[in-house]
Amino acid sequence: MPETKSAPLTPELYAYVLAHNPPLDPVQRALVESTHALFPDEAIKQVAQEQAPLLAFLVRLTGARQVVEVGTFTGLSALAMAQALPADGRLITLDISQEWTAHAREAWAKAGVADRIDLRIAPALQSLRALPAEPHVDLAFLDANKDGYIDYWEQLVPRLRPGGLIVVDNVLFMGQAADPAVTSGPGAHIRAFNEHAAADRRMESVMLTVADGLTLARRVG
């Protein structure tokens, strides 16, 4: 077995990491707190706090103007990415829940970025198929139902411009991705997706141990 160089992520070390990342702004912080208060059983669906500034960083790093997000929940990731977009940038975010995304809309409006975000309520595969077929997406963030990841990937990759980036969340799925005893459910779906993504010669991918696992994949052909 290869030796890990990762430090055990204790609560103290995690607090240290957050303290050395860009802090959440007041609207982002309020969204985190209200999501946990209003949807305590679902709050785990929200991206980790360190992922919000990371997504914003990646938007700025890539110079993205056209962003697609699959899976909105209460809107923290969309908020962070929209805030990092230039004034003429646009983010299309896909979800099926009116309840969760109503909360997202409030936060986007408070942050002054609602005009940059196009929320589409419909099955994600349907919405992705309706996008223009030519390569035009600069960055995509995939964080939705795990059994749909391969289908979403296959819709997104051809629509990425050369050099465009897909960011995929939960690729470790609480360790289940690497557990051969997990043969069904989200963990098994994630394992199948990880194999699919790693074998895709159109993309150059790296898997990182950020939060619940994050894959960054760049369109190369």
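For this chain, numbers begin at 1 and follow the sequence in order.
- Atom CZ of Arg159 and atom CZ of Arg219 lie 11.5 Å apart (nearest 0.5 Å).
- Leu24 and Tyr14 fall into different hydrophobic clusters, where Ile, Leu, Val, Met, Phe, Trp and Tyr residues are linked whenever their side-chain heavy atoms come under 4.5 Å apart, directly or through other members.
- If you take OH on Tyr152 and NZ on Lys146, they are separated by 10.0 Å, rounding to the nearest 0.5 Å.
- Between Met81 atom CE and Leu139 atom CG the span is 7.0 Å, to the nearest 0.5 Å.
- Of the N and O atoms on the side chains of Gln51 and Ser77, not one donor lies less than 3.5 Å from an acceptor on the other residue.
- No side-chain donor from either of Gln126 and Arg120 sits under 3.5 Å from a side-chain acceptor of the other.
- For the atom pair Ser97 OG and His103 NE2, the distance stands at 11.5 Å (nearest 0.5 Å).
- In this structure the side chain of Asn170 reaches within 4.5 angstrom of the side chain of Tyr149, judged on heavy atoms.
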Verdict with supporting geometry, Trp108 and Thr93, side-chain contact (heavy atoms from CB on, under 4.5 Å): CA-CA 12 Å; Trp108 301 337; Thr93 184; 3.8 Å; yes

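- With Thr72 contributing its side chain and Leu94 its backbone, the two residues share a donor-acceptor pair below 3.5 Å.
- The closest donor-acceptor contact from the side chain of Asp95 to the backbone of Phe73 lies under 3.5 Å.
- Of the possible donor and acceptor atoms, one in the side chain of Asp138 sits under 3.5 Å from a partner among the backbone N and O of Gln66.
- Of the possible donor and acceptor atoms, none in the side chain of Glu33 sits under 3.5 Å from a partner among the backbone N and O of Ala30.
- Between the side chain of Asn145 and the backbone N or O of Asp147, no donor-acceptor pair lies under 3.5 Å.
- Taken to the nearest 0.5 Å, the CZ atom of Phe173 stands 7.0 Å off from the CG atom of Asp212.
- Put simply, the side chain of Asn194 never gets that close to the backbone of Ala177: no donor and acceptor are under 3.5 Å apart.
- Between the side chain of His20 and the backbone N or O of Tyr16 there is at least one donor-acceptor pair closer than 3.5 Å.
- Here the side chain of Thr101 pairs no donor or acceptor atom with the backbone of Ala104 at under 3.5 angstrom.
- Between the CD atom of Gln28 and the CD atom of Gln83 there is a distance of 4.5 Å, given to the nearest 0.5 Å.
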